[in-house]
Structure formats: structure tokens, C-alpha cells
Amino acid sequence: MSLAPAPRGWPARPTDAGPLVKICGLTRPDLARAAVAAGADLVGIVHFPPSPRHLDLDAAAAVADAVRGTATVVALVVDADDATLDALVARARPDALQLHGKETPERVAHLAARHGLPVAKALGVATAADLAAAARYDALLVLDAKPPKDADRPGGHGQRFDWRVLDALDPARPFMLSGGLDPESVAEAVATVRPYAVDVSSGVETNRIKDIAKMSAFVAAVRAA
Ligand SMILES: O=C(O)c1ccccc1N[C@@H]1O[C@H](COP(=O)(O)O)[C@@H](O)[C@H]1O
């Protein structure tokens, strides 16, 4: 299977193993360990109070510590200011950042330099026009669905977008596919768009809590794709 190469600073994929798997929104150390045992390569912690998956600094550090060295810990924030990110990075010591708000290319570059970490930048995608900004970002792109109107947060809604829109993306540009993926849909997604990584949150939950059987089924579906 030929997939996009690893972007700068992000882990390489083992040959022929398919895309890396990020499971985001882990809220407990035991569930984070279960995600890694299921085969997740990247584990996401959310630090954004409106999210039901928000972790304060102590909880974020506990989840990060539970999997440190066994997976890439990605701290997800939304339009966070410098003080918020300084505190999060100092306490949780993530391996990478995911910026899921309206961060500009300049802001992304500033944060990458300030923290010396690889950065992923999420873009909400509905049409090919939404990809126009992609070239301006020096970051791993996270291509996600746009949130529902009046949503209190820009991601984690289990909403999918039309993957055919990604035909308009530079084929040399690695990206992480997200938005409404689940164990049933992810194989088709991988076969259709051949991403560097896939990112899932609500699709591996039951009643808003990460479900170990669903996390295992998701990883197995990616590996078999
Ligand atoms: O997970 C959240 O609560 C969240 C909050 C704010 C911004 C992004 C969030 N999650 C990210 O959203 C996408 C899609 O998630 P889903 O699989 O459709 O539920 C993914 O990148 C999550 O990391």
C-alpha cells in the first residue's frame, strides 16, 4: 500500500502497516493504556473546557504519563493563548500539539518554535475551497468535518465530510483524516484517501466513554485495510 510519508517531526509508519492511528480524547489513564494495547500509535488529550473530554492540567498529566514512551502523546487545544499552552506543555509534557481552532499559519509557526514540538493543524472541510489554506500551513494537516451550526466546540462531533473533496489536495501533502470515523467506516476511508494517519474520538466511544472493544476493532480495521 502506498501512503503519504511522515511529515517532519512526526513518527514514521512501519512499512506496509497502513496509516498511523490516533485515538483522541482519552480521559483516564487506564483507557489510554488500553488504547495503546489496542494498537494506537498516537494518543490525544483534550485541553479545552467546553469539550466533554476536557482534562485539567493534573488529569492531562496523568493520562500522558500513563502512555509516555509507548505512544506519541498529542495535546489538543482550541485557540489557546500562550499562557494556557505554556502551562499545559510544562505539566503534561506532550510529544506534539494539535491546534483545532482558527489558528493562523503565523500562530502555528510561533507555537511550533516556542515549544519545539511537531504541530498538527485542523482544517474544517466541506468543499475543495476549504483546502485553499492548506499550502500556507507548515504543519501536519488534520482534515476534519466542519462542526454543526451553534456547536460549542469545533470537533469531536462524529461528523464526516465528503472525502472526494480531497482530490483537490496536493498529493504530496501528508495529512491525518478525521471526522466521523468508526470501526465500520475507517477501512473505506483509508482505501479512498490514503492518509498518513487517521484520527478518531466519538466513533470509539459508548455513552461518551472510550470503549475498549471499539478501539480494538478500529485499529484492526485500519491494519486490515
Ligand atoms: O474531541 C473533542 O472533544 C474535541 C474538542 C474540540 C476540538 C476537537 C475535538 N476532537 C477532534 O475532532 C476530530 C473529530 O472527532 P470525531 O472522531 O468525529 O469525534 C478529531 O480530530 C478529534 O481529535
Side-chain angles (χ1 to χ4, degrees), residues 10 19-28 31-32 35 38 40-56 59-60 63-64 67 71-80 84-85 88 92 94-103 108 118-126 130 137 139-148 150-163 166 174-190 193 195-211 214-215 217-219 221-222:
W10 290 85
L20 295 185
V21 176
K22 173 171 171 267
I23 299 184
C24 196
L26 275 306
T27 52
R28 295 188 342 222
L31 290 174
D41 306 287
L42 306 104
V43 166
I45 50 177
V46 174
H47 187 64
F48 180 59
S51 170
R53 306 169 183 102
H54 168 72
L55 300 180
D56 66 19
V63 172
V67 295
T72 298
V73 176
V74 182
L76 186 155
V77 294
V78 177
D79 297 320
T84 299
L85 259 172
L88 179 63
D95 301 304
L97 303 175
Q98 181 167 330
L99 307 176
H100 222 100
K102 294 187 165 59
E103 299 86 0
V108 170
V119 173
K121 172 70 187 100
L123 295 180
V125 180
D130 295 316
Y137 284 97
L140 170 61
L141 298 176
V142 181
L143 301 178
D144 190 6
K146 286 181 185 279
D150 304 326
D152 61 349
R153 60 185 192 279
H157 297 283
Q159 295 225 324
R160 219 205 252 202
F161 66 96
D162 182 353
W163 304 321
L166 301 186
F175 64 92
M176 180 145 67
L177 181 69
S178 94
L181 299 176
D182 59 32
E184 288 70 44
S185 64
V186 72
E188 186 195 345
V190 170
V193 306
Y196 156 73
V198 289
D199 187 11
V200 63
S201 188
S202 42
V204 292
E205 291 178 344
T206 299
N207 297 331
R208 288 271 170 94
I209 303 290
K210 290 292 177 296
D211 180 315
K214 288 184 182 176
M215 292 195 288
F218 186 88
V219 176
V222 174

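Just so you know, ligand 1 is whichever comes first in the structure, and atom 1 is the first atom listed for that ligand. In this text the structure is predicted, and so the values were computed from the model without any measurement.
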Test of proximity, Gly155 against ligand 1: N or O pairs below 3.5 Å: no
Which bit of His157 gets closer than 4.0 Å to ligand 1, counting heavy atoms only: side chain, backbone, both or neither? backbone
Partner of Phe161 under side-chain contact (heavy atoms from CB on, under 4.5 Å), picked from Asp144, Leu143, Asp130, is Leu143
Could you check atom 3 (O) of ligand 1 against the protein and tell me its nearest heavy-atom contact, residue, atom and distance included? Ser51 OG, 2.6 Å
Ligand-side contact atoms (ligand 1) for residue partner Gly179, heavy atom cut-off under 4.0 Å: 14 (C), 18 (O)
Are the side chains of Val186 and Val200 in touch, meaning some heavy atoms are under 4.5 Å apart? no
What part of Cys24 sits under 4.0 Å from ligand 1 if we count only heavy atoms: the side chain, the backbone, both or neither? side chain
Leu76 versus ligand 1: do any nitrogen or oxygen atoms come within less than 3.5 Å of each other? no
Phe175 and Leu166, any side-chain heavy atoms less than 4.5 Å apart: yes
With heavy-atom distances below 4.0 Å as the criterion, list the atoms of ligand 1 near Asp199. 20 (C), 21 (O), 22 (C), 23 (O)
Can you tell me how far CG of Leu42 sits from CD of Gln98, rounded to the nearest 0.5 angstrom? 9.5 Å
One residue to check: Ser202. Relative to ligand 1, which of side chain, backbone, both or neither has a non-hydrogen atom less than 4.0 Å away? both
Test item: side-chain donor near acceptor, Ser178 and Asp199, under 3.5 Å: no
By number and element, which atoms of ligand 1 are closer than 4.0 Å to a non-hydrogen atom of Val200? 17 (O)
Output the list of atoms in ligand 1 that are nearer than 4.0 Å to some heavy atom of Lys22, sorted by atom number. 23 (O)
Heavy-atom distance under 4.5 Å between the side chains of Trp163 and Glu188, does that happen here? yes
Taking atom 10 (N) of ligand 1 as the reference point, the nearest protein heavy atom with its distance: Gly156 N, 3.4 Å
Taking both backbone and side-chain atoms of Val142, is any N or O found less than 3.5 Å from an N or O belonging to ligand 1? no
With His157, which residues qualify under ring-ring contact (aromatic ring centres under 6.0 Å, His included), at least two apart? none
What atoms of ligand 1 come closer than 4.0 angstrom to any heavy atom of Gly180? 18 (O)
Within the 4.0 Å heavy-atom cut-off, what His54 brings close to ligand 1 is neither
Which residues share a side-chain contact (heavy atoms from CB on, under 4.5 Å) with Ala217, sequence neighbours left out: Pro183
I need the atoms of ligand 1 closer than 4.0 Å to a non-hydrogen atom of Gln98, numbered in the order shown. 21 (O), 23 (O)
